[in-house]
Amino acid sequence: MKLKKLSILFVFVIIATLLAACGGAADTAPEAAEPAAEESAAEPAAEEPAAEEPADGGFAEVAREDTAVLGWSISSPIGVTNPWAVPGYTHQEGNNFLWEPLYWFGIFSDEEIPWLAQNMEYTNDDFTQMVIELNPLAKWSDGVAVTSADVVFTFEGQMTDEKLAYHEAFVQFVDSVVAVDDLTVEVNFKIPAPRFMFEVLMLKFDTGIPIVPAHVFADVENWNEFAGDLDMPHSGPYTIVNWDNNQKIFDLREDWWAVEAGLIDTPDVKRIVMVNLGGQIGQNMDVVSQRIVNNEMDSALGMNIVLLQSITEKNPDVTTHTGHEAPFGYLDWWPNSLWVNTQLAPYDEVEVRNAMNRCLDRETINNVVYEGAEIANVYPFPLYPGLQAFVDSPEVQALIEKYEPGKFDPEESKALMESVGFEVNGDGLFERDGETVSAEIHGFEGIHNNIVPVLVEMLRDCGFDSSINFGDTAYQNMVDGAPGMYMWGHGASLKDPYAAFELYHGRFSTALNSSAGTNRWSRYSNPDYDAILDEMAPLASDDPQFHALAAQAMEIYWRDMIDIPVIQWLHHIPYNTTYWSNWPTADNIGPGVNGAFWAHTGQLVITGLESTK
């Protein structure tokens, strides 16, 4: 693999999410939204250049075999490269090739990957102090060294600028940031912060912060309005040489510091062409897929299983995370549940929520929707290594035996509904006081069109008044807490269960007739549950007490069926091996990052590719 083996000097328990303490905590990241390009597509622009050359020919020619052509939707304003620009900047549209973190995290290898920092560690047992040691070879693209001044500026900027995504986390936890010397930074926390390092300072998926250059920003009057432009100094391996409405082109910096530092070999990819697919999600994916079949693109945004399988059949040089075998995708960080407003009748009754859960035949979901792959789910978090270890523990396995969260049993569903006064009416639906139970599923056709119709049929067969709302009102209904069910994911836990459990903490339980935040659709409130989370917050996840408390929270989640877990989420991404090999797959995890080139870790994906020519 291209990424060289790293000697990680310190592995600390700094995992999953920012803690809460003394009765409350803010989110560590901006609220997770529907994952971009998931099981979806976008309509291509009218006449896109095929691969190698921009239409104007205003810069050096690079051969197709040295070029990675990637399909994505680019909608941000041309020229915005500043990570602190508000609005306009997005790492998903290729800016992730410009910026780097202190550490990366390899989700599948469960490993920390030191980068701009060669070491980060907590220096006391209560997680109130951290020391960061920078790599002495790290440099910005203008040749200026990356120093502690850049880290201090980045942290203090997050603390003072309310518009930045991690402002709340820095305000809640960080007391002071001190440059001990040019390469050493000391961070002091107001309260124990065992998850700050992992959740905030490591880039993975769409979370974490990059470090910005102090010598550039110090002279900027308003960095939120500063575009940055194509020549803005950055530490990453590529520089944008062309950006128009059709494409965004990046060329390799031959003086990229990470090569000299021995972190990685010189990348084989000399140019990246990010083709703007434009349009609306879910349209004209056939056009995109044909370009991959024709070897015009090397990878593109995620798509559904049927289309991806068709591509691999038409062009055997196209592979997926699991090769040419189902399920074709990798485990993403967004497991989906059917959420309900637990403050709204009749969803406020535990029996009703449990009855709904007993209507879901997860074996059929696996067989019908996912071609036999075990995607159906009973957890509010993805089963990455740290979380898999948690659910495999004797305590959680005993809870599974007790509550049988994945059990399909329409008769038990009926008994539960009858226990709270419902009867089956002439239409075969549960009814009480002349009202049926709305199980209209609010969701998004571009990403849920394969699973939601199956769920609707199951719920209706069981006695719930189920239907589909893929319309413009779907998301707003979730925000407003409207009657029905909401097909949505949990953008939270990656390494321990705390972040997912924190979604249901009472401090996030917004009242009826008010707007709920993304990932907070349940509006659940339970003082006993809150007390468990508050006790967990300052503990490291390898603390036996943390594990015991997490098991208690897991029990309440299943007992009360706070939301109804349905599926793990998969990214189905095509990888064309005609020009490039060493894509991250199940058999080739490399540094362990996910294969989405648009994620923060997409930089490691592209720089790790190996030429086949």
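As a basis for the values below, the full set of heavy atoms in this structure was taken, side chains included, without hydrogen atoms, waters or symmetry mates.
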**Student:** Who pairs with Asp110 by salt bridge (charged side-chain N to carboxylate O under 4.0 Å, His left out), at least two apart in sequence or on another chain?
**Tutor:**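 For Asp110 the salt bridge (charged side-chain N to carboxylate O under 4.0 Å, His left out) partners, ignoring immediate neighbours, are Lys495.
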**Student:** Are Tyr475 and Trp521 an aromatic pair, judged by ring center distance below 6.0 Å?
**Tutor:** yes
**Student:** Kindly state each residue pair satisfying ring-ring contact (aromatic ring centres under 6.0 Å, His included) with at least one member in residues 371-390, sequence neighbours excluded.
**Tutor:**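 Applying ring-ring contact (aromatic ring centres under 6.0 Å, His included) to every pair that reaches into residues 371-390, excluding sequence neighbours, yields Phe108-Tyr384, Phe205-Tyr384, Tyr379-Phe381, Tyr379-Trp558, Phe390-His547.
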**Student:** Should Thr239 and Asp251 count as side-chain neighbours, where that means a heavy-atom distance under 4.5 Å?
**Tutor:** no
**Student:** Met554 versus Phe501: any side-chain heavy-atom pair under 4.5 Å?
**Tutor:**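 Yes, close enough: below the 4.5 Å cut-off.
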**Student:** Name the one of Leu70, Val275, Asn576 that satisfies side-chain contact (heavy atoms from CB on, under 4.5 Å) with Met297?
**Tutor:**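 For Met297, the side-chain contact (heavy atoms from CB on, under 4.5 Å) check succeeds only for Val275.
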**Student:** Hey, which of Ile107, Asp206, Asn594 is the one that makes side-chain contact (heavy atoms from CB on, under 4.5 Å) with Thr601?
**Tutor:** Asn594
**Student:** For the residue pair Trp598 and Trp72, categorise the inter-ring angle as parallel (less than 30°), tilted (30 to 60°) or perpendicular (more than 60°).
**Tutor:** parallel
**Student:** Under a 3.5 Å threshold, yes or no: a donor from one side chain and an acceptor from the other, between Gln290 and Asp286?
**Tutor:** no
**Student:** Count the heavy atoms belonging to other residues, nucleotides or ligands that lie under 6.0 Å from CD of Glu457, then report whether that count exceeds 12.
**Tutor:**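 12 or below, so no.
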**Student:** With a 4.5 Å limit on heavy-atom distance, are the side chains of Val479 and Asn477 in contact?
**Tutor:** no
**Student:** Using a distance-only test with no angle check, is there a side-chain donor-acceptor pair under 3.5 angstrom linking Lys314 and Asn294?
**Tutor:**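 There is no such pair between these side chains.
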**Student:** Taking all atoms of both residues into account, what is the closest heavy-atom pair of His600 and Trp104, and its distance?
**Tutor:**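 His600 and Trp104 have their closest heavy atoms at O-CZ3, 3.3 Å.
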**Student:** Does Arg362 have any salt bridge (charged side-chain N to carboxylate O under 4.0 Å, His left out) partners at least two apart in sequence or in another chain, and if so, which?
**Tutor:** none
**Student:** Taking atom CG as the centre, does Asp472 end up with more than 12 heavy-atom neighbours from other residues, nucleotides or ligands that are less than 6.0 angstrom away?
**Tutor:** no
**Student:** Do other residues, nucleotides or ligands put more than 12 heavy atoms under 6.0 Å from Glu325 CD?
**Tutor:** no
**Student:** Could I get the full list of salt bridge (charged side-chain N to carboxylate O under 4.0 Å, His left out) partners for Asp66, not counting sequence neighbours?
**Tutor:**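 Residues passing salt bridge (charged side-chain N to carboxylate O under 4.0 Å, His left out) with Asp66: none at all.
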**Student:** Assess Lys270 against Phe250: is NZ or CZ under 6.0 Å from the centre of the six-membered ring, and within 45 degrees of the ring's axis?
**Tutor:**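 No, a cation-pi geometry is absent between Lys270 and Phe250.
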**Student:** Using the test salt bridge (charged side-chain N to carboxylate O under 4.0 Å, His left out), find all partners of Asp298 that sit at least two apart in sequence or belong to another chain.
**Tutor:** Arg64
**Student:** If you measure only the distance, is there a donor-acceptor pair under 3.5 Å linking the side chains of Asn336 and His490?
**Tutor:** no
**Student:** Is any side-chain heavy atom of Tyr330 closer than 4.5 Å to a side-chain heavy atom of Leu570?
**Tutor:**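 No. Closest side-chain heavy atoms not under 4.5 Å.
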**Student:** What I want to find out is whether Arg291 reaches Glu296 closely enough, with some N-O distance under 4.0 Å, to be called a salt bridge.
**Tutor:** yes
**Student:** Between Asp563 and Tyr557, is any side-chain donor less than 3.5 angstrom from a side-chain acceptor?
**Tutor:**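 The answer is yes; a qualifying pair exists.
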**Student:** Could you note down all residue pairs passing ring-ring contact (aromatic ring centres under 6.0 Å, His included) where residues 287-307 supplies at least one of them, sequence neighbours left out?
**Tutor:**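 Matches after skipping sequence neighbours: none remain.
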**Student:** Going through the checks in order, is the side chain to side chain donor-acceptor pair (under 3.5 Å) test met by Gln92 and Asn96?
**Tutor:** CA-CA 7 Å; Gln92 290 192 337; Asn96 56 342; over 6 Å; no
**Student:** Do Gln247 and Asn276 get their side chains close enough for a donor-acceptor pair, meaning under 3.5 Å?
**Tutor:** no
**Student:** Is the closest side-chain heavy-atom distance between Tyr579 and Thr67 below 4.5 Å?
**Tutor:** no
**Student:** Heavy-atom distance under 4.5 Å between the side chains of Met197 and Met202, does that happen here?
**Tutor:**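 Counting from C-beta outward, Met197 and Met202 do come under 4.5 Å.
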